[in-house]
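Shown next, in structure tokens, is the structure this report addresses.
Throughout, residue positions are numbered sequentially from 1 according to the sequence presented.
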Amino acid sequence: MLWSDPENEPPEELREMQASLRRLGLFLAVAMVIAMIVLGIR
């Protein structure tokens with residue numbers, strides 16, 4: 001981090017990466033639930 005960087009403002013790439021990681025985690029959670037349901041039905 002540089003001196004001139006604002007304290008609590010992450011760079012744009014980091015924010016985009018966090019958003020995509022959050023979406024990926026949500027997708028994985030939903031996929032796990034669906035997989036559990038499918039395996040439970042069989």
Side-chain angles (χ1 to χ4, degrees):
M1 292 299 260
L2 296 173
W3 275 66
S4 57
D5 285 350
E7 258 325 293
N8 52 6
E9 185 74 16
E12 190 65 37
E13 304 90 32
L14 185 62
R15 264 181 287 164
E16 287 177 14
M17 193 176 71
Q18 284 174 340
S20 60
L21 280 176
R22 208 172 295 126
R23 280 195 296 267
L24 181 65
L26 187 66
F27 172 74
L28 280 177
V30 171
M32 284 292 231
V33 170
I34 292 174
M36 290 290 185
I37 292 173
V38 168
L39 289 175
I41 287 175
R42 291 191 177 191

### Message
Assigning hydrophobic clusters by single linkage (Ile, Leu, Val, Met, Phe, Trp, Tyr; side-chain heavy-atom cutoff under 4.5 Å), is Val38 placed with Val30?
### Response
yes
#### Entry: Point-to-point distance, once rounded to the nearest 0.5 Å, from CE of Met36 to CD1 of Ile34
12.5 Å
### Message
Let me confirm one number: the CG-CE distance from Leu39 to Met32, rounded to the nearest 0.5 Å.
### Response
10.5 Å
### Query
Partners of Glu13 by side chain to side chain donor-acceptor pair (under 3.5 Å), sequence neighbours excluded?
none
### Summary
Rounded to the nearest 0.5 Å, the CG atom of Leu28 sits from the CG atom of Leu21 at a distance of 10.5 Å
### Summary
dist Glu12:CD -> Arg15:CZ (nearest 0.5 Å) comes out at 4.5 Å
